[in-house]
Amino acid sequence: MAPMRMHGRANESSLITQMFDRNERYKQASGDDHMLGTAIGGAAIQGRAAAKISRLTNLGGADREAFHHLVRKWRYVAARDDLVEEGDHLGHVSLIISGWAYRYKQLEDGRRQIAGILLPGDLTEALAPEGYAMDCSIAALTPLTCADIPLRALATVCEQHPAVRQALLWESFIAASIQREWLLNVGQRVGTERVGHLLCELFLRLRRAGLTEDNSFVLLLTQFDMANALGLSHVHINRKLAQLRDQGLVEMLGRTVRIPDIAALQAASLFNPNYLHLSDAAARSEVQPRLSAPAAPHRIDHNRLVTHGRRRQAARTPLAGAVHSVADRSAPSAGSRPRVEEAVRFARR
């Protein structure tokens, strides 16, 4: 019996080690040791809370201090638990301090659509009336810490400090811009482009938050999460990730994603970072990019993006109510090539 007890203790020790390693990976991914429920200092929380709007607009000492005073209550949310549910009437907005969350809508039969990803520094709602009813649910993707900011107090600060209100208006505008891009992504891009586009967006947003290392980041979305966000099956997501790897556009080791050439992935995914409204420095790659990785069989050819496994697309023609012949539609538009070349130059800066 003694050997069995020792074996059981060894298994228990192994499980504890695995849990610790998993927690360490979560902490590294968030860039914050506090997301696992560790005691958090008020000054540290307030500093992180002001980081988001300070990136969007320059806040003076008085404006920054006024926003600091709003962040007095924070809470820990376990992974996959809801922060808020659809239909809740809330008197506060939440600022994600650490961890990831996501907005979602769900049908009665359980089918779910992820409508947005919230990263550290994001607000659940930038500007909202007090007592508003949530039209979607928000759940924690990982263990997270969030700060709840009362709407009445926030409205008072915005009235007394126009710079804070301006920053929140920017936040609201950017959130709407991202939502429009997600709609385009699901509605018009093909599978590989959807997956690549999501990876590009997450990389740039995480880099702005200081949560990337060189051209790598930790992807905390599962393939099921990506399927619910991109309107694909998880089997399809797996295949598209494999295609991106085969083309040399991404490298994956566990949950770590490395993008060897951010410009090449942007070109293959039809990604334009303008909708994120990042600063020029944040939008540029740290490493001098090249247009094509050696193992990536894709290129820009007039108004056609040619990728592995995808046929050549005819150039788009203006939809001015006129009927164009097939011959007209197959010819590249006169003004299309400069626009494509400009997009590629922007991605390579």
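Just the heavy atoms: all of them, side chains too, but no hydrogens, waters or symmetry mates, feed the values below.
Between Arg207 and Leu278, the closest side-chain pair of non-hydrogen atoms is not below 4.5 Å. Here the side chains of Pro150 and Leu70 are not in contact, with every heavy-atom distance at 4.5 Å or above. A heavy-atom distance below 4.5 Å is found between the side chains of Phe203 and Asn215. A heavy-atom distance below 4.5 Å is not found between the side chains of Arg194 and Met226.
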>> Let's go through Arg112 and Asp225 carefully: what are the C-alpha distance in whole Å and the side-chain angles of both, what is the deciding distance for salt bridge (charged side-chain N to carboxylate O under 4.0 Å, His left out) to 0.1 Å, and is it a yes or a no?
In response: CA-CA 10 Å; Arg112 176 177 296 190; Asp225 295 326; over 6 Å; no
>> Would Phe217 and Glu213 count as a side-chain contact (heavy atoms from CB on, under 4.5 Å) here? Give the steps.
In response: CA-CA 6 Å; Phe217 68 98; Glu213 184 176 350; over 6 Å; no
>> With salt bridge (charged side-chain N to carboxylate O under 4.0 Å, His left out) as the criterion, how do Asp122 and Arg205 come out once you've worked through the C-alpha distance, each side chain's angles and the decisive distance to 0.1 Å?
In response: CA-CA 10 Å; Asp122 288 338; Arg205 290 174 61 191; 2.7 Å; yes
>> Working note: Asp148 + Cys146, criterion side-chain contact (heavy atoms from CB on, under 4.5 Å); need CA distance, chi angles, decisive distance, verdict.
In response: CA-CA 6 Å; Asp148 293 335; Cys146 63; 4.1 Å; yes
>> Please determine whether side-chain contact (heavy atoms from CB on, under 4.5 Å) holds for the pair Val218 and Trp100, giving the CA-CA distance in whole Å, both sets of side-chain angles, and the decisive distance to 0.1 Å.
In response: CA-CA 11 Å; Val218 177; Trp100 292 23; over 6 Å; no
> Is there a side-chain contact (heavy atoms from CB on, under 4.5 Å) between Leu199 and Leu219 once you walk through the steps?
Replying inline: CA-CA 9 Å; Leu199 295 178; Leu219 180 64; 4.1 Å; yes
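Hydrophobic cluster membership differs between Leu183 and Leu202, with clusters built from Ile, Leu, Val, Met, Phe, Trp and Tyr side chains linked at under 4.5 angstrom. No chain of hydrophobic side-chain contacts below 4.5 Å, direct or via other Ile, Leu, Val, Met, Phe, Trp or Tyr residues, connects Leu184 to Leu276. Taken together through direct or relayed side-chain contacts under 4.5 Å among Ile, Leu, Val, Met, Phe, Trp and Tyr, Leu198 and Phe224 form parts of separate hydrophobic clusters. Neither Ile117 nor Val186 shares a network with the other; the hydrophobic side chains, linked directly or stepwise wherever heavy atoms of I, L, V, M, F, W or Y lie under 4.5 Å apart, form separate groups for each.
In this structure, Phe173 has its ring center under 6.0 Å from that of His277.
The backbone N or O of Leu265 lies less than 3.5 Å from a partner atom in the side chain of Ser269, making a donor-acceptor pair. For the pair His89 (side chain) and Gly131 (backbone), a donor-acceptor distance under 3.5 Å is present. Of the possible donor and acceptor atoms, none in the side chain of Glu65 sits under 3.5 Å from a partner among the backbone N and O of Ala62. Of the possible polar contacts, none joining the Thr142 side chain to the Ala79 backbone as a donor-acceptor pair under 3.5 Å is found. Between the side chain of Asp214 and the main chain of Ser216, no donor-acceptor pair closer than 3.5 Å is present. Of the possible polar contacts, one joining the Gln113 side chain to the Asn228 backbone as a donor-acceptor pair under 3.5 Å is found. Listed for the Ser137 side chain is a donor-acceptor partner under 3.5 Å among the backbone atoms of Glu86. Side-chain atoms of Arg189 never come within 3.5 Å of backbone atoms of Gly196 as a donor-acceptor pair (strictly under, hydrogens ignored). A donor-acceptor distance shorter than 3.5 angstrom exists from the side chain of Lys105 to the backbone of Asp135, with no hydrogens or angles considered.
When the options Ile237, Asn185, Leu249, Val250 are evaluated for a side chain to side chain contact (heavy atoms under 4.5 Å, CB included) with Val195, the one that passes is Ile237.
Residues satisfying the side chain to side chain donor-acceptor pair (under 3.5 Å) test with Asp109, not counting sequence neighbours, are Arg111. Annotation: salt bridge (charged side-chain N to carboxylate O under 4.0 Å, His left out) contacts of Glu85 (sequence neighbours excluded): none.
In the displayed structure, Leu107 atom CG is contacted under 6.0 Å by more than 12 heavy atoms of other residues, nucleotides or ligands.
Ring pair Tyr275/Phe271 is perpendicular by interplanar angle, where above 60° counts as perpendicular and below 30° as parallel.
Side-chain polar atoms of His197 and Glu181 form a donor-acceptor pair below 3.5 angstrom.
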